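Right, one structure below, let's go through it.
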Amino acid sequence: MAVTNEEISELFEDMASLLEMKGDVIFKIRAYQRAARTISQLPQSLELAVRQEQELKKIPGIGDAISKKIYEYVTTGHVAAYERLKADLPDGVLTLMNVPGIGPKTAMLIAKETGASTVEGVVKAIHQGRLQELPGLGERAAENILRHIHSLRTKDQRTPLGQALPIVERIIADLRERCPTLKKATPAGSVRRWQETVGDIDIMGTAQDPVQVIDALVDLPYVREVLVHGPKKASVVVDPGLQVDLRIVEDDSFGAMVQYFTGNQQHNVRLRDYANRMGLSLNEYGITNLKTGQIEKFADEEGFYDRLGLQMPPPEIRQGLWELDLAQKHALPRLVEQSDIRGDLHMHSDWSDGREPIEAMMEAASRFGHQYVALTDHSSGRGIANGLSDERLQSQIKILRTLEGFPVKILCGSEVDIRADGSLDYPDELLADLDVVVASVHSAMGQPVEKMTERIIKAMHNPHVTVIGHPTARLLGSRDPVEVDMEALLQAALETGTAMEINSSPERLDLKDTHVLRARELGVPLVISTDSHSSGYMDKLRFGVAVARRGWCEPKHIVNTMPLEEFMAFIKAPKSERIHIFAGRVD
DNA sequence: GCCGTTTTCGGCCCGACTGTTTTCAGTCG
């Protein structure tokens, strides 16, 4: 059975909770929590690392004891220390912690004193008045617990970035319109880090009249509920049900504040640890000299990091992994930017399921500033998407080859279905006429992992397949990714010279950030495409660029940053040679 | 349990909020 990093991360998170219940040393507990959070965002599967006998201790926050436990879990399926802890404590204590407001201490107290081991048991204990009598708890606490039980912590209460970002932009625009004194305004938190989903929205600003801005937020027509309304801070819930926190701060502490609220938490923990060793203490107001007690303020983040002798890491890679080590050496990578992208290799016209004619798409691509663009309408297997028959594809190719009047170089392409058995929808002779072939899975998504992996790898071995489109076929919040051995796909991509797509569509973001980081490590060619179905969609490119940045990609890691001539040479070369061309770029 | 520009021992991020407390513990981000 495959062991996922997520599973291992949860195990250590649980171990930390159990240790806290037992009243163990807080620093040991923190160590487990740190390890858990680091593991949840690692690019590479720990199972694989163990099997390849790699050194786990190189991972920050993982030392002797934890690496041994990882080894134990991967090889035996359980961790003895964890089982012992669980056996020592009342049943169900971990379940109780699913209620917001109930942490390890309270869970332990409730389980021990009331015997409740389920959420229902807690409700019963409250109705019987037994919970209220416990030391440290009272009527208010019981009321809060009851209220929170209705909004149980579940994993999927996060909002896709694609939905959150337009809301942020609208709020900032509306505040600007209503408050002339609003100076700076920027999102912080997971939005600024371009995380694929966000829990809430943080906005930081400076203004001559903070009250005016705070009041303006509270009065916005799409504010559904006001949670907090103070002179410098407000928290509201806006229409689709998303919490927005706005803070207005003094100009001179804006840098420290934005840094603090951008996180992520792991990054901040490591940064403050690092600062402590310099005799400095960090908080959201500035940098304090521990000896003199003097506080320095910072109007911008660059100054803040600079005071610590660090290069400022882009928000997307503030992950608490290795960014601070590189920042210290002033050796952070120059991450890819939207302006580096020279072409879009995945889009549809009204020949299949796009909404606009070819000409409109080409006009938009030209306006966007692309040097080249591939039209990739669906293949015949996508009946529902009005996929092109062999004959229609042939006539489309003819039209595209003679289309004139666009500054952008037009490439003939197709998004061809990878059928359930790994064969493709078009014969090889037809595929050979195309410049760019994006091969994607759109059907039989429930296949077991071995079959799905084999299926996609078979498509990679086709000499005409340029790119694998949205490799896991997930739809954020609505469709789980297909089960596939990503490591095997990436290895096959290397062997066959096939590129992997970063699909920029905000509901896909597929490959995802951690896959991209792994692909980058291995040297797999990556492509950032939009999968546009209308001309207005092309600017979704920024989402794909953000995923690439979260995967630490520089321009050289992305195939479609190549200028036209270089790109044409790349796709004209046989696949077996492409990986060498690409590697020459990366070295 | 982890880690090293002061340390292989002795430190370990920081503050806000809440509800329960008369000075703090627990939870959260």
Side-chain angles (χ1 to χ4, degrees), chain A residues 12 15-17 19-21 23-39 56-70 79 81-82 85 96-110 131-145 147-148 153 158 188-190 193 195 198-202 227-228 230 232-233 235 243 245 247 253 256-257 259-288 290-291 295 308-310 320 324-325 328-329:
Chain A
F12 288 133
M15 271 193 83
S17 301
L19 286 169
E20 200 167 356
M21 289 169 192
D24 212 317
V25 194
I26 187 68
F27 302 110
K28 193 161 148 185
I29 295 160
R30 297 242 175 89
Y32 277 112
Q33 286 171 337
R34 265 204 309 273
R37 278 158 212 171
T38 299
I39 288 169
L56 298 182
K57 283 194 273 184
K58 275 192 283 189
I59 302 167
I62 294 184
D64 224 18
I66 291 185
S67 65
K68 279 195 182 118
K69 290 189 175 70
I70 295 171
V79 173
Y82 173 69
L85 271 175
L96 300 189
M97 282 187 58
N98 287 328
V99 181
I102 298 187
K105 292 283 157 77
T106 314
M108 185 65 173
L109 184 70
I110 294 174
L131 194 131
Q132 294 87 319
E133 291 166 0
L134 298 177
L137 296 173
E139 281 300 335
R140 290 296 296 274
E143 271 175 39
N144 279 334
I145 289 173
R147 190 160 46 84
H148 283 313
R153 290 189 183 108
R158 298 178 64 85
S190 42
R193 298 196 313 274
Q195 209 169 298
V198 306
D200 59 12
I201 292 174
D202 294 302
L227 303 172
V228 177
K232 290 179 172 175
K233 183 197 152 163
S235 289
Q243 183 174 332
D245 294 346
R247 263 163 238 267
S253 51
M257 187 70 69
Q259 194 289 319
Y260 176 86
F261 280 102
T262 296
N264 70 3
Q265 197 187 5
Q266 287 284 94
H267 175 84
N268 282 356
V269 168
R270 289 188 204 285
L271 188 66
R272 275 175 234 158
D273 184 44
Y274 170 82
N276 275 355
R277 278 183 262 122
M278 295 174 72
L280 302 170
S281 170
L282 312 181
N283 65 21
E284 56 264 57
Y285 306 108
I287 299 181
T288 309
L290 286 171
K291 269 202 191 120
I295 181 163
L308 300 170
L310 298 170
L324 288 177
D325 303 326
Q328 210 177 335
K329 296 181 205 150

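Since we're looking at a predicted model, the values are computed, not measured. Residue numbers start from 1 in every chain, and the chains themselves are labelled A, B, ... in the order their sequence lines are given, proteins ahead of strands. All heavy atoms count here, side chains included; hydrogens, waters and symmetry mates do not.
- For the C1' atoms, the distance linking B:dC17 with B:dC9 amounts to 36 Å, nearest Å.
- Residues satisfying the salt bridge (Lys or Arg N to Asp or Glu O under 4.0 Å) criterion with A:K105, sequence neighbours excluded, are absent altogether.
- Closest to the A:E284 side chain, of the nucleotides B:dG15, B:dG1, B:dG4, is B:dG15.
- Between A:G279 and A:Y285, the one whose closest nucleotide on DNA chain B sits nearer the 5' end is A:G279.
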Report, as a single string ordered 5' to 3', how protein heavy atoms within less than 4.0 Å touch nucleotides 17-23 of chain B: B base, S sugar-phosphate only, - not at all.
--SS---
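- Of the C1' atoms belonging to B:dT18 and B:dC12, the separation is 26 Å, rounded to the nearest Å.
- Across all strands shown, A:I29 has no heavy atoms under 4.0 Å from either base or sugar-phosphate atoms.
- Close to B:dG15, at under 4.0 Å from its OP1 or OP2, lies no side-chain N or O of A:N268.
- In the model, A:Q243 has a side-chain atom that pairs as donor or acceptor with a side-chain atom of A:D245 under 3.5 Å.
- In this structure, of B:dT5, B:dA16, B:dC2, it is B:dT5 that holds the atom nearest to the side chain of A:Q328.
- Residue contacts for A:N283: at a heavy-atom cut-off of 4.0 Å it reaches the sugar-phosphate backbone alone, with no base atom in range.
- When the C1' atom is used for both B:dC2 and B:dT8, the distance is 12 Å, rounded to whole Å.
- Spacing of P atoms, B:dT5 relative to B:dG1, comes out at 23 Å, to the nearest Å.
- Between A:Y32 and B:dC12 there is no side-chain polar atom (N or O) within less than 4.0 angstrom of OP1 or OP2.
- Comparing B:dC3 with B:dT7, their C1' atoms are spaced 10 Å from each other, to the whole Å.
- Remark: C1' of B:dG11 and CG of A:N276 are 10 Å apart, rounded to the nearest angstrom.
- The backbone N or O of A:Q328 sits nowhere less than 3.5 Å from a side-chain atom of A:D325 that would complete a donor-acceptor pair.
- Under the side chain to side chain contact (heavy atoms under 4.5 Å, CB included) test applied with A:S17, the options A:M108, A:M97, A:Q33 reduce to a single match, A:M97.
- Of the candidates B:dT27, B:dT7, B:dC12, B:dT7 carries the atom nearest the A:R277 side chain, counting heavy atoms from C-beta on.
- For A:D64, the side-chain atoms get nearest to B:dC2 when compared with the rest of B:dC2, B:dG26, B:dA16.
- Computed from coordinates, the A:K28 NZ to B:dG11 P distance equals 19 Å when rounded to whole Å.
- Counting non-hydrogen atoms under 4.0 angstrom, A:L271 reaches nothing in the nucleic acid.
- One C1' atom belongs to B:dG11, the other to B:dG19, and the distance between them is 32 Å to the nearest Å.
- Taking every side-chain heavy atom of A:P104 into account, B:dT27 is the closest of B:dC12, B:dC2, B:dT27.
- Spacing between B:dG10 and B:dG15 at atom C1', rounded to whole Å, works out to 25 Å.
- With rounding to whole Å, A:I26 atom CD1 is found 17 Å from B:dG10 atom C1'.
- Side-chain contact check for A:Q195 and A:N264: no donor-acceptor pair (N or O, by modelled atom type) lies under 3.5 Å.
- Atom C1' of B:dA25 sits at a distance of 9 Å from the matching atom of B:dT21, rounded to the whole Å.
- Counting to the nearest Å, the P atom of B:dC2 and the CZ atom of A:R37 are 16 Å from each other.
- Comparing A:R34 and A:R30, the nucleotide of DNA chain B nearest to each residue sits closer to the 5' end for A:R34.
- Between the base of B:dG4 and the side chain of A:Y274 there is no donor-acceptor pair shorter than 3.5 Å.
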